[in-house]
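Both backbone and side-chain heavy atoms feed into the values below; hydrogens, waters and symmetry mates do not.
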There are 2 protein chains.
Amino acid sequence: MAESPRFQPVQPVRAYERIVEQVEDALARGDLAPGQRLPSERELVAQFAVSRSTVREALRVLESNGVVRSRPGDPNGPEILPFSSTALRKQLVRLARVDELTLAELIGFRMIMDGAAIQVASRLRTPAQLTELTDTLTAMRTAIDVDFAAFSEADLAFHDVIARISRNSLIETCNEVVRGVVLSLISNKIAHAPNSRALMLESLQHHTEVVDAIRDGDGTAAARIARQNMYDYYAGYVPEAEREALQALID
Amino acid sequence: MAESPRFQPVQPVRAYERIVEQVEDALARGDLAPGQRLPSERELVAQFAVSRSTVREALRVLESNGVVRSRPGDPNGPEILPFSSTALRKQLVRLARVDELTLAELIGFRMIMDGAAIQVASRLRTPAQLTELTDTLTAMRTAIDVDFAAFSEADLAFHDVIARISRNSLIETCNEVVRGVVLSLISNKIAHAPNSRALMLESLQHHTEVVDAIRDGDGTAAARIARQNMYDYYAGYVPEAEREALQALID
DNA sequence: CAGCTGTGACTGGTCTGACCAGTGGACTAG
DNA sequence: CTAGTCCACTGGTCAGACCAGTCACAGCTG
């Protein structure tokens, strides 16, 4: 033989995988859209010509991936869900536990992403978007007197506006996911919330400085301030030995 | 009643979910480690006191999440897998399709992450690590004469060293995942590989400039060069209207 | 007529038991 | 000690059954 073709290792394809594949392809092609319904399990049994066990295994995988949701008794069948970052977060949490991701790595990640989003935003922002930012600042200010939860919500809204301005939803999705992981790690390790009002005031001050820098159009400064703020906020939870890598992110 | 406690919406917990939960908890606690084996399905039926269907649905979910792998006939039972970014990538690909993530967003993400890693690396690098970097450069140079695949491999090794120096494996994991998504998107849309040798030479030149900047300890410059290089490399695939957001990342 | 209620046809969740092709370790023959 | 055979066991799939829950609708009540 002239040349042995490079063969690929082959593993058996299970029936339920073909079903998952077909559903995901239909979703990618647009034949299936969020909000639509899948036929009932027994109907799928007929369409795919397999047993109900097989259909159910496929549905369990799709459900675990956040593609569909089944509810018993629902005559409309399983529902196609809109994308949510839940599954992404789940994988990241797993990565954090199994691969021994440190808190410092997660915070460093957020410092990078948040700083970058603000840098882009200060370049691309329109005057209207700038006032939108200042509006969220006032919303944060009033939320301080209400509740810590309300303040968190206003904070989220702020970052949401930043993400919209920077025209990169991936950044914001990652930010949100990692933020959730960080919070869960911290609340697992440390019972905190000491003097939350002072924290909120400080955070508001920081955000105000960032918006000022964005107004000036100085993206580098805005990003530096944002990273510094996040460092100040979280560094207390990070072992001293790992702080150096975070400080290196600030200049 | 004095104050109505805030009730949580409740959804039924299915039996297979409890099984998944128990396995993942055992993994998080360290009672189960990659390489170990789960009991066989029929043994699990006895231990969890449920039917085989239920056990199998749990195993399908775990398998879909990259936690275990079942092989028919294996008397040792399902294998606990080490973490791999495959599941993470799967979710990201889904995000890209369903949430209409643009190529520009993905590339912007990589510009940010890669630049940040290089910035940290130029601050933290030891002399030994610096020579390690130059070593990978020479490896890339020799790989050019071999194969494009070999060059890609050397390129990956370079970024691996960067990640190690910057002490943040999350950055590198995300980089790798997004890189895979970008490549799949590009190869789907464009049949390319024109004059690959010139591309490799140019890429090598860029990497050399980055290492020079790292040697000088100028993190800002190193990061800018890296981002500029990535922009040059990918901008051709991005619609002009979306390039502005990428350019804003470069300064 | 509007509004409530009871009912029944369906849903998904779980179980039982069965068959098959394939695997790998133990056992045997050399 | 090695090479080959064999068989207990594995996971993949199927068929059929039961249950609790949901929802649409017919029919009743005011």
Side-chain angles (χ1 to χ4, degrees), chain A residues 7-24 26-27 32 34-81 86-87, chain B residues 7-24 26-27 32 34-81:
Chain A
F7 291 120
Q8 303 268 341
V10 58
Q11 65 261 30
V13 179
R14 284 159 283 192
Y16 81 87
E17 286 177 330
R18 311 283 290 272
I19 297 180
V20 170
E21 198 181 316
Q22 282 198 47
V23 172
E24 284 183 337
L27 217 122
L32 235 43
Q36 285 187 16
R37 300 309 188 103
L38 245 39
S40 76
E41 292 184 1
R42 288 166 175 85
E43 176 65 25
L44 290 173
V45 165
Q47 288 194 25
F48 287 112
V50 295
S51 74
R52 191 146 92 96
S53 334
T54 304
V55 166
R56 281 182 60 76
E57 290 184 15
L59 286 176
R60 286 298 79 77
V61 170
L62 290 170
E63 192 160 339
S64 151
N65 288 354
V67 180
V68 306
R69 182 185 48 188
S70 295
R71 276 186 320 125
D74 189 339
N76 299 318
E79 181 182 2
I80 308 277
L81 296 176
T86 308
Chain B
F7 293 119
Q8 302 270 341
V10 59
Q11 64 262 25
V13 179
R14 285 159 283 193
Y16 81 88
E17 287 177 328
R18 311 284 289 273
I19 297 180
V20 169
E21 198 180 314
Q22 282 198 47
V23 172
E24 284 184 337
L27 217 122
L32 235 44
Q36 287 186 14
R37 301 307 188 102
L38 245 39
S40 76
E41 290 184 2
R42 287 165 176 87
E43 176 65 24
L44 290 172
V45 164
Q47 289 194 23
F48 287 112
V50 295
S51 75
R52 193 145 91 99
S53 336
T54 304
V55 166
R56 281 183 60 78
E57 290 184 15
L59 286 176
R60 287 299 80 75
V61 170
L62 290 169
E63 192 160 339
S64 152
N65 288 354
V67 180
V68 305
R69 182 185 47 188
S70 295
R71 277 186 318 126
D74 189 338
N76 299 317
E79 181 182 1
I80 308 276
L81 297 176

Between Arg69(A) (CZ) and dT11(C) (C1'), how many Å, whole number? 15 Å
Looking only at heavy atoms, what is the nearest atom pair of Glu24(B) and Asn65(B), with distance? OE2-ND2, 4.1 Å
Less than 4.0 angstrom between a side-chain N/O of Arg14(A) and OP1 or OP2 of dG12(D), yes or no? yes
Looking at Arg60(B), does any N or O in its side chain come under 4.0 Å of the phosphate oxygens OP1/OP2 on dG12(D)? yes
Starting at atom CZ of Arg56(A), determine the distance to atom C1' of dG12(D), rounded to an integer number of angstrom. 17 Å
Taking the side chain of Glu57(B) as heavy atoms from C-beta outward, which of dG11(D), dC23(D), dT14(C) is closest to it? dT14(C)
If I take atom CD in residue Glu43(B) and atom C1' in nucleotide dA8(D), what distance separates them, rounded to the nearest angstrom? 16 Å
Under a 4.0 Å N-O cut-off, is there an ion pair linking Arg60(B) with Glu63(A)? no
Could you work out which one of dT16(C), dT13(D), dG24(C) sits closest to the side chain of Ser51(B)? dT16(C)
Spacing between Glu79(A) atom CD and dG12(C) atom P, to the nearest angstrom: 13 Å
Does a side-chain N or O from Thr54(B) land closer than 4.0 Å to OP1 or OP2 of dC15(C), or not? yes
In whole angstroms, how far is the P atom of dC23(D) from the CG atom of Asn76(A)? 9 Å
Spacing of Asp74(A) atom CG relative to dG13(C) atom P, expressed in whole Å: 11 Å
Let me spell it out: for each of Pro72(A) and Pro72(B), pick the nucleotide of DNA chain D with the closest heavy atom. Which residue's pick is nearer the 5' end? Pro72(B)
Has the side chain of Arg42(A) got a donor or acceptor that lies under 3.5 Å from a partner of the other kind on the base of dG12(C)? yes
Only residue of Leu59(B), Leu32(B), Leu27(B), Val61(B) satisfying side-chain contact (heavy atoms from CB on, under 4.5 Å) with Val67(B) is Leu27(B)
Round to a whole Å and report the spacing from CD of Glu63(B) to C1' of dT10(D). 14 Å
d(CG, Leu38(A); P, dC10(C)) in whole Å: 19 Å
From the options dT23(C), dG12(C), dC15(C), select the nucleotide whose nearest atom is closest to the side chain of Ser40(A). dG12(C)
Please report the closest heavy-atom contact between Arg52(B) and Val45(B), naming both atoms and the distance. CA-CG2, 3.5 Å
Start at the 5' end of DNA chain D and walk down; is the nucleotide closest to Ser53(A) or to Gly77(B) reached first? Gly77(B)
Is Arg52(B) touching bases, backbone alone, or none of the nucleic acid, heavy atoms closer than 4.0 Å? base
For a 4.5 angstrom cut-off between non-hydrogen side-chain atoms, does Leu38(B) reach Val68(B)? yes
